[in-house]
Amino acid sequence: MKPLTLGISGASGLIYAVRAIKYLLSADYTLDIVASKAAYMVWQAEHNIRMPPDPEEQAIFWREQAGNPSQGVLRCHRWGDVGATIASGSFPTLGMLVIPCSMSTVAKIAQGLSSDLLERAADVQLKEGRKLVLVPRETPLSVIHLRNLTTLAEAGTRIVPAIPAWYHHPQTIEDLVDFVVARALDQFEIDCVPLQRWQGGMNQGKGED
């Protein structure tokens with residue numbers, strides 16, 4: 001099975017990345033992870049825990065956060081290592097998921113900038129015609145944000161905003177997060193999140209639109 005590249009940017013809501021890692025490893029996927037420089041600062045701010053920069057130590061860190069010490073394959077890359085495997089189009093992948101995705105990252109990918117490994121890996125997916133899925137987490141969205149997202153959508157990127165549904169009767173924050181993670185992974189035809197999907201059956205009253 002080809003590996004999936006997972007980008008983690010400096011947007012708030014790093015729990016989305018943790019839950020994605022949890023389910024993908026449980027399904028025995030191979031992950032190549034790159035966290036942006038800003039992600040280290042956001043993790044410290046949100047969790048008061050230092051994310052180790054060393055790739056091997058970081059792999060252990062993500063497994064601990066996801067509660068999965070042994071399943072799947074997890075490889076981490078330094079944010080500045082633009083010579084890593086995932087920086088080349090010759091390295092086969094299932095595509096790339098950026099979760100969560102900051103508006104700064106959206107803007108740089110939309111403009112074809114590759115100032116770090118995350119941006120370069122995303123650019124590779126676009127030029128190779130592979131799947132690139134972004135989970136932006138920002139509100140409200142300015143017209144600049146919307147134009148950048150439109151540019152990426154027109155280039156074939158799938159945009160999956162971090163907006164949960166309620167028909168699955170969420171009881172916890174994790175339930176809300178998992179809905180977004182499941183919909184993002186759906187874009188790769190990966191179904192590994194235990195999610196109560198919509199089954200229909202809504203009663204419509206007469207005269208209602």
- request: Please say whether more than 12 non-hydrogen atoms of neighbouring residues, nucleotides or ligands are located less than 6.0 Å from CD1 in I49.
  value: yes
message: Main chain of Q187, side chain of K131: is a donor-acceptor contact present, judged purely on distance under 3.5 Å?
response: yes
field: Heavy-atom side-chain proximity of L176 to W166 below 4.5 angstrom
entry: yes
message: Is it the case that the side chain of T5 and the backbone of D32 share a donor-acceptor pair, with hydrogens and angles ignored and the cut-off at 3.5 Å?
response: no
query: Is any side-chain heavy atom of K22 less than 4.5 Å from a side-chain heavy atom of N68?
result: no
task: Would you indicate whether the side-chain heavy atoms of L25 and R63 approach each other to under 4.5 Å?
output: yes
Q58 side chain to M51 backbone, donor-acceptor under 3.5 Å: no
field: For the student: nearest non-hydrogen atoms of W43 and L14, plus distance
entry: CE3-CD1, 3.3 Å
message: Could you see if I163 belongs to whatever hydrophobic cluster contains L141? Use Ile, Leu, Val, Met, Phe, Trp, Tyr and a side-chain cutoff under 4.5 Å.
response: no
task: Find the distance between CD1 (I33) and CG (L6) and round it off to the nearest 0.5 Å.
output: 5.0 Å
- request: Please name the pair of heavy atoms, one in G89 and one in E128, separated by the smallest distance, quoted to 0.1 Å.
  value: CA-OE2, 3.6 Å
query: Taking R19 for the side chain and V193 for the main chain, is one N or O donor matched with an acceptor at less than 3.5 Å?
result: no
Trace of the side chain to side chain contact (heavy atoms under 4.5 Å, CB included) decision for I190 with L24: CA-CA 9 Å; I190 296 175; L24 287 165; 4.1 Å; yes
task: For residues P170 and F179, determine if any side-chain heavy atom of one lies less than 4.5 Å from a side-chain heavy atom of the other.
output: no
task: For residues L195 and V181, determine if any side-chain heavy atom of one lies less than 4.5 Å from a side-chain heavy atom of the other.
output: no
query: CG of D81 to SG of C76: how many Å apart, nearest 0.5 Å?
result: 12.0 Å
- request: Would you please test I99 and V160 for side chain to side chain contact (heavy atoms under 4.5 Å, CB included) and show each step?
  value: CA-CA 10 Å; I99 182 171; V160 184; over 6 Å; no
field: Cluster check L94, L132: I/L/V/M/F/W/Y, side chain < 4.5 angstrom
entry: no
message: With a 4.5 Å cut-off on side-chain heavy-atom distances among I, L, V, M, F, W and Y, is there a chain of contacts connecting Y23 to I15?
response: yes
query: Between OG1 of T93 and CZ of R130, what distance do you get to the nearest 0.5 Å?
result: 4.0 Å
field: A121 backbone acceptor or donor facing Q125 side chain under 3.5 Å
entry: yes
V42 to G10 - nearest heavy-atom pair and separation: CG2-O, 3.0 Å
Minimal non-hydrogen separation, M96 against L4, with atom names: N-CD1, 4.2 Å
message: For the CZ atom on R147, are there more than 12 heavy atoms of other groups (residues, nucleotides or ligands in this structure) within a distance under 6.0 Å?
response: no
message: Would you say V180 ends up clustered with F188 if hydrophobic residues are merged whenever their side chains have heavy atoms under 4.5 Å apart, either directly or through other cluster members?
response: yes
- prompt: Between the side chain of E57 and the main-chain N/O of P55, is any donor-acceptor distance below 3.5 Å?
  reply: no
Spatial distance of atom SG (C192) from atom OH (Y29) [nearest 0.5 Å]: 6.5 Å
- request: Run the numbers on M103 and I144 for side chain to side chain contact (heavy atoms under 4.5 Å, CB included), then give the verdict.
  value: CA-CA 9 Å; M103 287 299 108; I144 294 173; over 6 Å; no
Contact check, side chains of L185 and L97, non-hydrogen atoms, under 4.5 Å: yes
- prompt: Do you know which two heavy atoms are closest between Y40 and A35, and how far apart they sit?
  reply: CE1-O, 3.8 Å
- prompt: Taking side chain as C-beta onward, heavy atoms only, is L117 less than 4.5 Å from W79?
  reply: no
Verdict with reasoning, D191 to R197, per side chain to side chain contact (heavy atoms under 4.5 Å, CB included): CA-CA 11 Å; D191 184 6; R197 296 180 180 271; 3.5 Å; yes
statement: CZ of R183 to CG of D178, rounded to nearest 0.5 Å, is 14.0 Å
query: Roughly how far, to the nearest 0.5 Å, is CG of L118 from NZ of K108?
result: 10.0 Å
- prompt: Between the side chain of Q71 and the main-chain N/O of D28, is any donor-acceptor distance below 3.5 Å?
  reply: no
query: With distance as the sole test, does S9 use its side chain to make a donor-acceptor pair with the main-chain N or O of S102 at under 3.5 Å?
result: yes
message: Would you say V135 ends up clustered with L146 if hydrophobic residues are merged whenever their side chains have heavy atoms under 4.5 Å apart, either directly or through other cluster members?
response: no
- request: Please check if the side chain of Q171 supplies one atom and the backbone of H169 the other of a donor-acceptor pair under 3.5 Å.
  value: yes
- line: In short, R75 meets F91 closest at the heavy-atom pair NH2-CZ, 3.8 Å
query: Going by atom types only, do S36 and D116 share a side-chain donor-acceptor pair under 3.5 Å?
result: no
- request: Side-chain contact test, heavy atoms from C-beta onward, threshold under 4.5 Å: evaluate it for P3 versus V73 and give yes or no.
  value: no
- prompt: Is the backbone of S12 close enough, under 3.5 Å, to the side chain of R137 for a donor and an acceptor to pair up by distance?
  reply: yes
